[in-house]
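What follows is a set of notes on a single structure, which appears directly below.
Both counts, for ligands and for their atoms, begin at 1 and track the order of listing. One-based numbering along the sequence shown.
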Amino acid sequence: MKFLVTLQIFLLHYILLFTLLSCRENQPKREENTLSESNTSSTPPTPRPILSVPNFNADSAYYFIEAQVRIGKRVPNTEAHRKCSIFLVQTLQSLGWQVTMQDFDATAYDGTVLKSKNIIAAFQPERKKRILLAAHWDTRPFADKDTKDKNLPIDGANDGGSGVGVLLEIARIISQSTQKPAVGIDIIFFDSEDYGQPEDFKGEYKPDMWCLGSQYWAKNKHKENYSAYYGILLDMVGAKGAKFYREGLSKKYAPSIVEKVWNTARQLGYTHFFVPNDSPEITDDHKYINEIAKIPMINIVEYNPNTKDSYFADYHHTHNDNMQLIDKQTLKAVGQTVLHVLYQEGEHLQ
Ligand code: AHN
Ligand code: ZN
């Protein structure tokens, strides 16, 4: 009992200190966020470390998406694409992450040479046990599923912008919070993911024409012998009312990570977003990370359960993929879940 009182006093001080620290100007409020189970038995619970996870700030994630959209359409070989790469590198560096640029030429389905850049950032680079987080940062060069202006590029607020926005916010929270995860973390922003064949393409079909940046990285890692304990890919994680199903390739290659992430989301009360059902396989960056780099990686990607013939919701690859689609509740559910998963991870490989 005495111990519990001491613990309570300690916690009170801790929370007070934490509150004081997080009330500095321009610092989003950070509260303790715990995953606890209620104890109904009469015996006192065995004290165990309380998992304290910082709060994911959805306003900040939203701002990071808006910043990308304002720069312009992040289509390879364009000025906005180049500008956005600088924005991403500078943001990560200013947050204290160690940034590596990987420049490469990728050849698109139509023979266009795409001057591409994978942007890689490391936190606690000396740690052996590492979690890999990824998203693609390029946007689609055309609106091939739209009815008008099919040849014009899309904003890609969700397809491209949202995964990057959530990961930049995770990068900010981790570096600015007093609480650090026990593991090392790598973030990769893959380029040239979304330059695949348009819907009406009449030429010869070639496989593997999507996800050019992740294919390149999987074959040419930025560090020799690089590996990670596991990876989480985010793709289209910001739309209002989005549903994330347990995707086929993720279940095939990394079933325990799928379980871990969906269980965490459930404990946090995000079952409406992280639906406990399965969806078909989708070719996305995680395919090559699993099959070539041999790192088990899951994909948190929006699934549209209403149409049988399409994995995607109807804004996909249209001009409706703009800021109006983005909802902070979705960003919060994804960002808080991933943060919890990172902070739950112990220091040692098992
Ligand atoms: C397929 O259409 C098979 N894969 C595309 C994956 C993707 C596109 N993710 C975002 N945009
Ligand atoms: Zn796309």
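- If you look at Asp159 and ask which of its N, O or S atoms sits nearest the Zn ion (ligand 2), the answer is OD2.
- In this structure, a donor-acceptor pair under 3.5 Å is present between the side chains of Lys145 and His316.
- In this structure, OD1 of Asp194 and NE2 of His317 enclose an angle of 90° at the Zn ion (ligand 2), rounded to 10°.
- A donor and an acceptor atom, one from each side chain of Asp186 and Tyr226, are located under 3.5 Å apart.
- Ring geometry, Tyr245 versus Tyr303: the interplanar angle exceeds 60°, so the pair is classed perpendicular (tilted spans 30 to 60°).
- Electrostatic pairing of Lys260 and Glu345 counts as a salt bridge here, judged by a charged N lying under 4.0 Å from a carboxylate O.
- At least one side-chain heavy atom of Val338 sits under 4.5 Å from a side-chain heavy atom of Leu234.
- Taking CD1 of Ile295 as the reference point, atom CZ of Arg130 lies at 11.0 Å (rounded to 0.5 Å).
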Contacts table for ligand 1: protein N or O within a distance under 3.5 Å of ligand N or O, distances only.
residue	atom	partner	partner atom	Å
ligand 1	4 (N)	Thr283	O	3.1
ligand 1	9 (N)	Glu193	OE2	3.1
ligand 1	9 (N)	Asp235	OD2	2.8
ligand 1	11 (N)	Asp159	OD1	3.4
ligand 1	11 (N)	Asp159	OD2	3.1
ligand 1	11 (N)	Asp194	OD1	3.1
ligand 1	11 (N)	Asp194	OD2	3.3
ligand 1	11 (N)	His317	NE2	3.4

Verdict with supporting geometry, Tyr343 and Ile174, side chain to side chain contact (heavy atoms under 4.5 Å, CB included): CA-CA 10 Å; Tyr343 278 76; Ile174 288 173; 4.0 Å; yes
